[in-house]
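First comes the structure, then the notes that go with it.
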Amino acid sequence: MMRKVVMHYGFVKERFDNNLRNNRIKGFICFACVELEVVEAIIITIKIMPINHLLNHDLSDLILESKQDGFRFLNRLLEEYRSGANTFNQPGEGIFGAFHKNEELIGIGGLTIDPYSNDKNIGRIRRFYVSKSFRRQGVGNLLLHEILSYARGFFKVIVLRTDTYPADQFYVSFGFKKTNIYPQSTHYFLLDSKTKDWMKYRKHLNS
């Protein structure tokens, strides 16, 4: 018999010190409760953390899964990082990961200065992917929220490009506008929006 319980998500989020003058990482814990129709209470711990050295993490499962989905951008992410073509090391750039228990990498997303706009106030979401097993559980929203929160210290606009309907719906639901006014982009987000509004944050956690 199904009964209503409360599923507790414990999210430990760590971020860079915005002045980038040292390697300190600020940590804080945010707890949210989501009412779900499930058989029993489940405790899931997700950590959203900056990835300082990509090669220290195992991306093999995510790369394999993304290839099965028809995407090769995670493989390009690894290849470009190894070659030095893109190491996300410019001011405002970074790679962020969503980690499950035992430090399993279940989601990843990058942020760079937009290479297609002659404007350093424009950042670009790159190589964003969440494992199928953790979709529609708020993980993608948490990862994107953390990237945008970090981006606020460096950029005024965030752009991205996607050609899939589920991704389009995901970004639009988060507040991105669908338009091609920026080069090589399908969506943009103005960072003067209330990205830290708690009610909006809770809404995304429940999606």
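Count residues from 1 along the sequence. These figures come from a predicted structure and were not determined experimentally.
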Those residues that, when tested against Lys156, pass salt bridge (charged side-chain N to carboxylate O under 4.0 Å, His left out) (two or more places apart):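 Salt bridge (charged side-chain N to carboxylate O under 4.0 Å, His left out) check on Lys156 returns nothing, list empty.
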Aromatic plane relationship, His187 with Phe176 - under 30° parallel, 30 to 60° tilted, over 60° perpendicular: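 Because their plane-to-plane angle is over 60°, the rings of Phe176 and His187 count as perpendicular.
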Aromatic ring pairing Phe71/Tyr129, orientation class (parallel under 30°, perpendicular over 60°, tilted between):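 Aromatic pair Phe71/Tyr129 classed perpendicular.
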Residue pair Ile122, Val159: steps toward the side chain to side chain contact (heavy atoms under 4.5 Å, CB included) verdict: CA-CA 7 Å; Ile122 301 177; Val159 299; 4.0 Å; yes
Hey, does the side chain of [X] reach the backbone of [Y] with a donor-acceptor pair shorter than 3.5 angstrom?
X      : Y      : value
Thr186 : Thr162 : yes
Thr87  : Gly84  : no
Gln137 : Ser133 : yes
Asn180 : Tyr182 : no

So, for [X] and [Y], which heavy atoms are closest and what is the spacing to 0.1 Å?
X      : Y      : result
Ile147 : Gly110 : CD1-N, 4.5 Å
Ile48  : Ala98  : CD1-CB, 3.7 Å
Arg124 : Ser185 : NH2-OG, 2.8 Å
Arg152 : Leu191 : NH1-O, 3.0 Å
Ile63  : Ser66  : O-OG, 2.8 Å
Tyr81  : His53  : OH-CA, 3.6 Å

Polar contact flag, side-chain donor to acceptor under 3.5 angstrom, Ser117-Asp119: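 Ser117 vs Asp119: no donor-acceptor pair found between side chains.
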Distance-only polar pair, side chains of Gln90 and Thr112, donor-acceptor under 3.5 Å: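 Not at all, the side chains of Gln90 and Thr112 share no donor-acceptor pair under 3.5 Å.
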Linked, directly or transitively: Leu55 and Met49 (ILVMFWY side chains, under 4.5 Å):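 Yes, one cluster joins them.
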Cluster check Tyr165, Phe170: I/L/V/M/F/W/Y, side chain < 4.5 angstrom: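 No, Tyr165 and Phe170 fall in different hydrophobic clusters.
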Within 6.0 Å of CG in Asn118, more than 12 heavy atoms from elsewhere: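 Count not over threshold, so no.
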Audit row: Lys47, Glu103, side chain to side chain contact (heavy atoms under 4.5 Å, CB included) steps and yes/no: CA-CA 8 Å; Lys47 294 193 296 184; Glu103 301 303 315; 2.4 Å; yes
Beyond-backbone contact of [X] with [Y], side-chain heavy atoms, under 4.5 angstrom:
X      : Y      : answer
Leu54  : Phe88  : no
Leu190 : Tyr188 : yes
Leu105 : Leu62  : yes
Phe155 : Tyr150 : no
Leu143 : Phe96  : yes
Phe99  : Ile51  : yes
Phe174 : Asn141 : yes
Ile125 : Ile158 : yes

Lys132 and Asp69 ion-paired at < 4.0 Å: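 Between Asp69 and Lys132 there is a salt bridge, with a charged N closer than 4.0 Å to a carboxylate O.
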Under-4.0 Å salt bridge between Arg72 and Glu79: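 Judged by the 4.0 Å cut-off on N to carboxylate O distance, Arg72 and Glu79 do not form a salt bridge.
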Candidate pair Arg126 and Glu80, rule salt bridge (Lys or Arg N to Asp or Glu O under 4.0 Å), full reasoning: CA-CA 12 Å; Arg126 310 287 296 274; Glu80 291 175 354; 5.0 Å; no
Pair Arg127-Leu74, side chain to side chain contact (heavy atoms under 4.5 Å, CB included): steps then yes or no: CA-CA 6 Å; Arg127 317 312 192 201; Leu74 288 189; 4.3 Å; yes
Value rounded to 0.5 Å, distance of [atom1] in [X] from [atom2] in [Y]:
X      : Y      : atom1 : atom2 : answer
Thr164 : Gln169 : OG1   : CD    : 10.0 Å
Arg76  : Asn86  : CZ    : CG    : 12.0 Å
Leu148 : Phe189 : CG    : CZ    : 5.5 Å

Test side chain to side chain contact (heavy atoms under 4.5 Å, CB included) applied to Ile106 and Ile46, step by step: CA-CA 9 Å; Ile106 60 171; Ile46 305 295; 3.8 Å; yes
